[in-house]
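Chain identifiers are assigned alphabetically (A, B, ...) following the order of the sequence lines, protein sequences preceding nucleic acid strands; residue numbering begins at 1 within each chain.
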There are 2 protein chains.
Amino acid sequence: MEDTIRRTTTDAVYETLLDEIVSLKILPGTKVSETEIARRFGVSRQPVRNAFTRLGNKDLLLIRPQKATEVRGFSMDRIALARLVRLSVEVEITRHAVMRWNSDCNAELEDNIALQEQAIQAGDLAKFHALDYDFHRSICTLSDNPMAFEVILDCKQKVDRLCMLSLTNDIEAKSVLKDHRGIAEGLASGDLEKALNTTRKHLSRLDQTINFIHDTHPGYFE
Amino acid sequence: MEDTIRRTTTDAVYETLLDEIVSLKILPGTKVSETEIARRFGVSRQPVRNAFTRLGNKDLLLIRPQKATEVRGFSMDRIALARLVRLSVEVEITRHAVMRWNSDCNAELEDNIALQEQAIQAGDLAKFHALDYDFHRSICTLSDNPMAFEVILDCKQKVDRLCMLSLTNDIEAKSVLKDHRGIAEGLASGDLEKALNTTRKHLSRLDQTINFIHDTHPGYFE
DNA sequence: ATGGTAAAACTGGTATCCAAGTTTTGTCAA
DNA sequence: TTGACAAAACTTGGATACCAGTTTTACCAT
């Protein structure tokens with residue numbers, strides 16, 4: 001009973017465009033035409049239309065009938081909402097996690113943190129970001145809410161798209177690592193307040209970056 | 001510059017099907033065919049396909065290539081996630097609200113609660129549910145997070161679809177009203193813990209109902 | 001009854017065509 | 001040169017027909 005969903009042409013178009021938009025290879029405000037994209041991928045308009053619809057549902061495309069479709073700009077409101085939702089879920093998850101924490105959980109998080117340290121020392125920022133990713137996913141699964149990470153990821157993507165405009169340095173990475181240590185310590189010692197406070201500080205770390213980008217790239221906002 | 005988005009045929013099909021699925025006029029597991037729906041609405045397959053895609057994105061339809069499309073059953077996991085997200089956001093919103101609470105906020109909530117009381121005494125459950133709706137939206141707007149209500153609403157809809165299988169009585173409504181009073185009192189007196197605890201109790205009120213439905217209607221679950 | 005095969009049904013994709021709206025372009029007049 | 005206006009060239013939304021690949025169904029022979 002392998003109910004593996006087949007990958008369709010629509011999926012391919014969708015995933016490629018999603019990556020290009022999120023990674024800012026296509027900038028906000030850029031007009032995208034169904035026929036143009038269809039030519040580029042060598043497919044008909046149909047799968048492109050489907051992909052556009054999906055991207056429109058994700059607020060990444062602004063589709064206006066009889067007018068051009070364009071890549072949506074950033075919205076401070078939508079970004080604030082995404083951050084609020086992520087913070088809310090992450091806080092609640094942490095609350096669940098501290099209640100069912102045990103030595104195995106500890107080991108998993110410690111392993112991850114050790115790898116983060118190695119990645120920073122090696123200067124491998126890509127690896128570090130992947131581990132950052134895993135760190136938060138681990139907390140979700142260890143708190144018995146694995147699906148919650150999808151929500152967090154969805155929120156994270158919206159913010160990440162904005163933060164692509166800012167270069168990340170390893171000083172920042174070290175601060176992030178310190179936060180992760182604090183959260184892990186809070187969970188390990190059953191200190192809920194410490195875990196929560198660190199989580200809040202951790203997720204508010206982007207405040208300055210976002211405001212900076214808003215000031216320096218006002219054209220990308222709607 | 002009236003940028004009012006035009007209503008398309010796709011929108012009409014989507015909204016009608018959405019209502020029919022959410023209100024359980026179409027039961028989970030029911031197979032829906034593009035051509036059949038197209039005939040029913042007197043339109044071509046095109047807008048139906050678009051509508052199907054949207055409903056699939058909302059996890060309401062299960063579309064498998066080359067297989068029949070069917071209305072998705074309930075999933076305890078997805079419902080648990082929706083409830084977790086709603087609780088998380090509602091808790092965080094309450095935290096924001098209590099910080100900026102003032103007499104105007106109080107008045108708005110008190111007005112709403114008074115109307116709830118009237119609706120219950122008049123036995124008008126539909127009105128009461130609408131006011132319940134407004135109560136939670138008010139807290140969002142008063143906490144300066146108006147868009148957060150869209151997230152809450154999205155979560156609420158997923159759970160509501162399940163709860164359509166259970167008849168609501170007015171004893172339940174009275175409990176809900178009591179919760180609302182508790183939340184309002186907590187906010188008014190600046191007692192964050194009271195507001196939070198009542199919110200958690202309020203949102204966990206459906207536990208029994210959901211488990212009951214899961215036991216009595218196992219066929220609607222996937 | 002059972003097994004196998006053929007027909008029917010379903011979605012995904014392609015190809016045209018048209019409708020309705022918007023934007024660009026071009027022409028002509030002042 | 002500049003302005004106004006009309007035509008052409010875009011855009012998406014929808015309708016229709018068709019094919020491919022898969023799954024389901026139905027029927028028939030054993």
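Comparing C:dG13, D:dT12, D:dG14 by their nearest atom to the side chain of A:Pro47 picks out C:dG13. Among the nucleotides C:dA20, C:dG13, C:dG12, the one closest to the side chain of B:Gln66 is C:dG12. Distance from the side chain of A:Ser44 is smallest to C:dG13 among C:dG12, D:dA15, C:dG13. Distance from the side chain of A:Thr10 is smallest to C:dG13 among D:dT12, C:dG13, C:dT11. When each of C:dG12, D:dA15, C:dT23 is scored by its nearest atom to the side-chain atoms of A:Thr8, the top-ranked nucleotide is C:dG12.
Between the A:Asp111 side chain and the A:Glu108 main chain, no donor and acceptor come within less than 3.5 Å of each other. Of the possible polar contacts, none joining the A:Asn145 side chain to the A:Ala148 backbone as a donor-acceptor pair under 3.5 Å is found. A donor-acceptor pair under 3.5 Å is formed between the side chain of A:Asp11 and the backbone N or O of A:Thr8. Checking side-chain atoms of B:His214 against main-chain N and O of B:Ile210 turns up no donor-acceptor pair under 3.5 Å. Within the 3.5 Å criterion, the main-chain N or O of A:Leu142 finds no donor-acceptor partner in the side chain of A:Arg100. Judged by distance alone, with hydrogens and angles left aside, the side-chain atoms of B:Asp77 form no donor-acceptor pair with the main-chain N or O of B:Ser75 at under 3.5 Å.
As judged by a 4.0 angstrom heavy-atom cut-off over every strand, A:Val13 is placed among residues making no nucleic acid contact. Within 4.0 Å of A:Gln46, counting heavy atoms only, lies at least one base atom of the nucleic acid.
Residue side chain A:Arg49 does not reach the base of C:dG13 through any donor-acceptor N/O pair under 3.5 Å, judged by distance alone. Side-chain atoms of A:Arg45 and base atoms of C:dG13 include no donor and acceptor less than 3.5 Å apart.
Residue B:Asp11 contributes atom CG, which lies 16 Å from atom P of D:dT12 at whole-angstrom precision. Atom CZ in A:Phe41 sits about 17 Å away from atom C1' in C:dT14, given to the nearest Å. To the nearest angstrom, P of C:dG12 lies 11 Å from CZ of B:Arg64. Atom CG in A:Asn50 sits about 14 Å away from atom P in D:dT12, given to the nearest Å. The distance from atom CD1 of B:Ile63 to atom C1' of D:dT22 is 16 Å, rounded to the nearest whole Å. Atom CG of B:Leu61 is separated from atom P of C:dC10 by 15 Å (rounded to the nearest Å). Here D:dT24 presents its P atom at 10 Å from CD of B:Glu70, a figure rounded to the nearest Å. One interatomic measurement links the two molecules: CD of B:Glu34 to P of C:dA8, which rounds to 21 Å at whole-angstrom precision.
One finds no side-chain N or O of A:Thr69 lying less than 4.0 angstrom from the OP1 or OP2 phosphate oxygen of D:dT11. Put simply, B:Thr9 has no side-chain N or O that comes within less than 4.0 Å of OP1 or OP2 on D:dG13.
Of the residues near DNA chain C, A:Gly42 and B:Ser33, the one whose nearest nucleotide (by heavy atom distance) lies more toward the 5' end is B:Ser33. DNA chain D is contacted by both B:Val43 and B:Lys31; B:Val43 maps to the nucleotide lying nearer its 5′ end (nearest heavy atom per residue).
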